[in-house]
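Only this structure's heavy atoms are used, side chains among them; waters, hydrogens and symmetry mates stay out.
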Amino acid sequence: MTTAHIIWDWNGTLLNDVNVSVSATNLALAEIGIEPLTLEQYRQYYCVPVQIFYKQVIGREPSSSEWSIIGKTFNTHYRPGIKRANLAEGVSELLAARYQSGATQSLCSLMQHEELVPMIDSHGIAKFFTHVDGRNTPLLTTGKSEQLANHIRKLNISPEKSVVIGDATDDAIAALAAGTHAILYTGGTHSRLSLETAGVPVVDTLNEALLMADYLVSK
């Protein structure tokens, strides 16, 4: 069986930070008088870009002042929170086993690059990735597509032999636009129902995702 190159997402996939995101979001919503979301509701509404997410939650376009309050409050609580977040269950072992088998892996995230790299180092997993790309531009309103396309060009690996594993429909949209495969994981920001709209395999564990990835590139 052919071995896939894995392009991992970070937040909500390798990093189990969804509860941090929900908490920070609810604190931001409270500042503008909006009721808090449950985890189920958050997963139902969540999408990239986040401007659309907040518009759906609030029921209208946030004003410029509201958007400023949301951004400031969210970051005040989210940034410290993710530094305390753990990796998803079994991630270190999965990455190590994949690395030791000779298979390649990289990471492409919308988290700011200067914040992403130290976090990966702190979790002791940096050596498992051939490339790590975080965001080097202002927060994008168009999702991950352009960044992922640039990431794949750097890899010097055929897109058809690569698989993106992420927790958001945007991961699948970006992957398909770049000519590569995608698998979506239910442990992050989206509900299974939302993920299934992307038309790619949906799995409940990252181990299952890796097994599926090798199958996809061998077809």
Would H5 and S106 count as a side-chain hydrogen bond (donor to acceptor under 3.5 Å, both in side chains) here? Give the steps. CA-CA 8 Å; H5 171 83; S106 60; 2.8 Å; yes
Tell me, with the steps shown, if H151 and D133 meet side-chain hydrogen bond (donor to acceptor under 3.5 Å, both in side chains). CA-CA 7 Å; H151 180 82; D133 280 326; 2.7 Å; yes
For the pair T189 and D167, evaluate side-chain hydrogen bond (donor to acceptor under 3.5 Å, both in side chains) and give the outcome as yes or no after the intermediate values. CA-CA 6 Å; T189 54; D167 70 313; 2.9 Å; yes
Please lay out, stage by stage, how L210 and D214 fare under the test side-chain contact (heavy atoms from CB on, under 4.5 Å). CA-CA 7 Å; L210 288 177; D214 288 335; 5.9 Å; no
Residue pair R192, V202: steps toward the side-chain contact (heavy atoms from CB on, under 4.5 Å) verdict: CA-CA 7 Å; R192 172 176 278 275; V202 177; 3.8 Å; yes
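Between the side chains of E160 and S158, at least one donor N or O lies within less than 3.5 Å of an accepting N or O. A side-chain donor-acceptor contact under 3.5 Å links H190 and T169. Inspection of the N11 and Y78 side chains reveals an N or O donor paired with an N or O acceptor under 3.5 Å.
The side-chain heavy atoms of V203 and T186, taken from C-beta on, include no pair separated by under 4.5 Å. Using a 4.5 Å heavy-atom cutoff, the side chains of S92 and I125 are in contact.
In this structure, the ring of F53 has its center no less than 6.0 angstrom from the ring center of Y45.
Residue I165 holds its CD1 atom at 4.0 Å from CH2 of W8, rounded to the nearest 0.5 Å.
In this structure, E66 pairs ionically with R60, as a charged nitrogen and a carboxylate oxygen lie closer than 4.0 Å.
In this structure, R135 and L110 approach most closely via the heavy-atom pair NE-O, 2.8 Å.
For T76 (side chain) and K72 (main-chain N/O), a donor-acceptor pair under 3.5 Å exists by modelled atom type.
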